[in-house]
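The structure appears below as structure tokens.
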Amino acid sequence: MSFNVYNSLSKTKEPFRPLEDGVVRMYNCGPTVYNRQHIGNFRSFLFADTLRRWLEYSGYEVRQVMNITDVGHLLDDQDEGEDKIEAQAKRTQKSPKEIADEYAQMFLEDIAQFGVLEPLARPRATEYIPEMVEMVEGLIAKGNAYQVGGDVYFDVASFPPYGRLSGNRVEDLVAGARIDVNEDKRHPADFALWKSDPRHLMKWETVFGPDGFPGWHIECSAMARKLLGDRIDVHTGGEDNVFPHHECEIAQTECFTGAPFATYWMHAKFLQVDGGKMSKSLGNVYTIDDVKEKGYDPRQLRYALIRGHYRTPLNFTWESMKGAAAELDNLDDLLALLQRAAEGADGDPGAGAELVQEAQAGFEAAMNDDLNVSQALAALLPLRRQALENAFGSEAAKDALAFLERAMAVFGIAREQDAGSDAEIDALVAARTQARADKDWAESDRIRDELAALGIEVKDTAGGATWRRK
RNA sequence: GGCGGCAUAGCCAAGUGGCUAAGGCGUCGGAUUGCAAAUCCGAGAUUCCCCGGUUCGAGUCCGGGUGCCGCCUCCA
């Protein structure tokens, strides 16, 4: 069965076919590091990580690049040359580099907490200025860009497909009147490739002038090309990246290389909180720390952020967070049950084997359908029922366990499980069982509390007491 | 003003025209338990935001509303 992905460019699901057999070149739009990333940002990054993991599960070698934007973009065309990083720098009396480094570091730490896999590269925009300049010069030479003083603009009229990704027509953009009139531009929809401003804090001396800085979109085009080549398979980002960012990337890259840029464009919908957009005034722009303060770990948060389909708005509420944690706990419990069954189930070793096949087929079919995580997760549940009924044979349980671990790895929620292998805990559980046999309830409850303090949950089942790590 | 997306039980969420609308979480009954937890049994949408339409048949398609979200300015 093949992987079908919804391509923002064609607005349809298409069979996934990489340019090179077995290899996927993927570029993910990463963060602009001028503040702490919130859980909404992470929904998008987690989507990219899930996609990468699914491709690897499917046998592809994934060459993944996620940028870190450490040079600010302009707030608008008419401002004083200030950008978000510079604004934050001025506010805090630090240099733009200090701001970028500080928040990039935080981003890396957060992403590590989520267990996000390291991509091939995490390029920073400021390290690819020469590559950007090369593209800008090339675009001028090809007649797709023009220089006005120290500024360089992309000539939108020179690229007829402009607007194909976003559905925007150039006429509408002009009529929208939200584009500032800029006398220097030939056309109001033209966008900056390079800007010059002596007041800008981060600036570079180039052929365009002594103190310029890159335009809004050129960094991703330049870094993707440098690290992955002229053409790539997948380009991802949040839904807000569609226009102008990705539209402009397509224009720049395709004019420069003369070839199609990314085959598949995939965009994650925004995370909503309490049914609406996050806002500082409502106090619901949560960071990973805010969620941890409520008693949830990053793994549980990760689960909460990926369990919905990436192209459907996901609503985050504390109630949904609680529900997600409970669901994940059931998956962990299933892991423990399977482990026990694999170690020593009676009866036919193959009992339940067909269920494992079905679960795996269902899981793969769902993931292959444009990463339908909700459905893939649902496909795992019949295993839990079977395990709870103690109906798995040892061999089937081993297969189920191996599959479940792979499936959970795709979601980035795999976990070390070592139930039933700790002598000290076994002894405590045995002591509790004895106390209960003696009807010494005070002692049995004390031991139960002691185990709970160790993070161990005891379960009294028909077959005796068992335990697992929470 | 222009472009696009979403709207399914208390909550999250699948459903890509046709059996009784997945699944999970939570809740409420019951069983079990020393009390719990876990587990088991049972209960939940005469119905898929609203109004029309197409069709033998629509949550699924079309038109019109309403609400929310994104973009048209950097933004996941």
Side-chain angles (χ1 to χ4, degrees), chain A residues 4 8 11 13 28-32 34-35 37-48 69 72-79 82-85 87 163 166-169 171-180 189 191 216-217 236-245 247 267-272 275-277 304 307-309 311-331 333 362 366 369-370 372-382 384 388-390 436 439-442 444-445 448 452 457-462 465-468:
Chain A
N4 285 292
S8 299
K11 276 119 188 125
K13 283 184 193 173
N28 311 124
C29 271
T32 300
Y34 64 93
N35 63 4
Q37 300 293 297
H38 56 248
I39 59 176
N41 298 118
F42 287 117
R43 178 185 199 200
S44 173
F45 304 141
L46 255 14
F47 151 66
T69 298
H73 301 303
L74 293 173
L75 289 169
D76 64 59
D77 247 359
Q78 305 301 328
D79 68 7
E82 188 174 67
D83 63 51
K84 288 208 167 187
I85 291 176
S166 62
N168 286 324
R169 284 166 307 199
E171 313 87 81
D172 293 339
L173 292 172
V174 177
R178 289 188 66 176
I179 290 179
D180 295 309
F191 57 90
W216 311 347
H217 320 292
T236 73
E239 60 175 319
D240 55 329
N241 284 147
V242 173
F243 190 91
H245 191 51
E247 192 75 67
H267 296 98
K269 287 284 189 266
F270 266 28
L271 179 75
Q272 294 182 30
K277 66 172 87 175
R307 67 174 168 155
H309 189 101
R311 276 192 300 114
T312 302
L314 180 69
N315 188 23
F316 180 92
T317 61
W318 289 113
E319 191 176 356
S320 75
M321 180 64 239
K322 186 181 170 191
E327 283 182 29
L328 180 55
D329 195 48
N330 279 344
L331 242 26
D333 188 47
D369 183 15
D370 193 36
N372 192 334
V373 173
S374 298
Q375 208 163 60
L377 247 9
L380 264 25
L381 271 304
R384 181 151 199 271
L388 284 168
E389 287 168 7
N390 257 315
R436 294 184 71 222
K439 297 198 189 301
D440 185 352
W441 310 127
S444 77
D445 288 351
R448 186 165 69 197
E457 178 188 50
V458 198
K459 292 197 282 194
D460 295 317
T461 71
T466 62
W467 60 273
R468 74 175 174 114

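Note on naming: letters A, B, ... go to the chains in the order of the sequence lines (proteins, then strands), and numbering restarts at 1 for each one.
Separating the CG atom of A:L271 from the P atom of B:rC75 is a distance of 19 Å, rounded to the nearest angstrom. Atom pair A:F243:CZ and B:rA76:C1' shows a separation of 18 Å (rounding to whole Å applied). The separation between A:F316 atom CZ and B:rC12 atom P is 12 Å, rounded to whole Å.
Checked against B:rG70, B:rC35, B:rU73, the side chain of A:W216 finds its nearest nucleotide in B:rU73. The side chain of A:W441 lies closest to B:rG34 when the candidates are B:rC12, B:rA37, B:rG34. Proximity note for A:K459 (side chain, C-beta onward) versus B:rC75, B:rC40, B:rA38: the nearest is B:rA38. Each of B:rG34, B:rA14, B:rC75 was ranked by its minimum atom distance to the side chain of A:D240; first place goes to B:rC75. With B:rC69, B:rU39, B:rC12 as the candidates, the nucleotide lying closest to the side chain of A:K277 is B:rC69.
Rounded to a whole angstrom, the distance from the C1' atom of B:rC11 to that of B:rG44 is 14 Å. Comparing B:rU39 with B:rG26, their P atoms sit 9 Å apart, to the nearest whole Å. When the P atom is compared between B:rC25 and B:rU60, the two are found 29 Å apart, to the nearest whole Å. For the P atoms, the distance linking B:rU55 with B:rC50 amounts to 23 Å, nearest Å. To the nearest whole angstrom, the two P atoms, one in B:rG24 and one in B:rU47, are 24 Å apart. Remark: the separation of the P atoms in B:rG29 and B:rC61 is 41 Å, to the nearest Å. For the C1' atoms, the distance from B:rU27 to B:rC3 is 43 Å, rounded to whole Å. B:rA58 and B:rC68 have their C1' atoms separated by 24 Å, given to the nearest Å.
Side chains of A:S8 and A:H267: a donor on one and an acceptor on the other come within 3.5 Å.
Looking at heavy-atom distances under 4.0 Å, A:E389 makes no contact with the nucleic acid at all. Using a 4.0 Å heavy-atom cutoff across all strands shown, A:G40 reaches at least one base atom of the nucleic acid. Looking at heavy-atom distances under 4.0 Å, A:T236 makes no contact with the nucleic acid at all. Using a 4.0 Å heavy-atom criterion, one finds that A:H38 contacts the bases of the nucleic acid, with or without backbone contacts as well. At a threshold of 4.0 angstrom between heavy atoms, the contacts of A:G163 with the nucleic acid are absent.
The structure places CD of A:E239 at 5.5 Å from CZ of A:F270, a figure rounded to the nearest 0.5 Å.
Ring planes of A:H245 and A:H217: tilted class, angle from 30 to 60°.
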Fill in: Nucleic acid footprint by protein, nucleotides 20-27 of chain B - heavy-atom cut-off 4.0 Å, B for base, S for sugar-phosphate alone
--BSBS--
Discussion item. Generate the contact string for nucleotides 2-9 of chain B. Rules: B means base contact, S means sugar-phosphate contact only, - means no protein heavy atom under 4.0 Å.
Written reply: BS-SS---
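In this model, a side-chain donor or acceptor of A:D460 finds a partner on the base of B:rA36 within 3.5 Å.
Looking at A:D329 and A:R468, a side-chain N of the basic residue comes within less than 4.0 Å of a carboxylate O on the acidic one, giving a salt bridge.
Regarding contacts with the backbone of B:rA76, every side-chain N or O of A:N241 stays at 4.0 angstrom or more from both OP1 and OP2. Between A:N372 and B:rG15 there is a side-chain N or O to OP1 or OP2 distance below 4.0 Å.
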Item to complete: Apply side-chain contact (heavy atoms from CB on, under 4.5 Å) to the pair A:Q272 and A:L314, showing each step before the final yes or no.
Response: CA-CA 6 Å; A:Q272 294 182 30; A:L314 180 69; over 6 Å; no
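We find that the ring of A:F270 and the base of B:rA76 stack, their centres lying under 5.5 angstrom apart and their planes tilted less than 30°.
The environment of A:K11 atom NZ is dense: over 12 non-hydrogen atoms of other residues, nucleotides or ligands sit within 6.0 angstrom.
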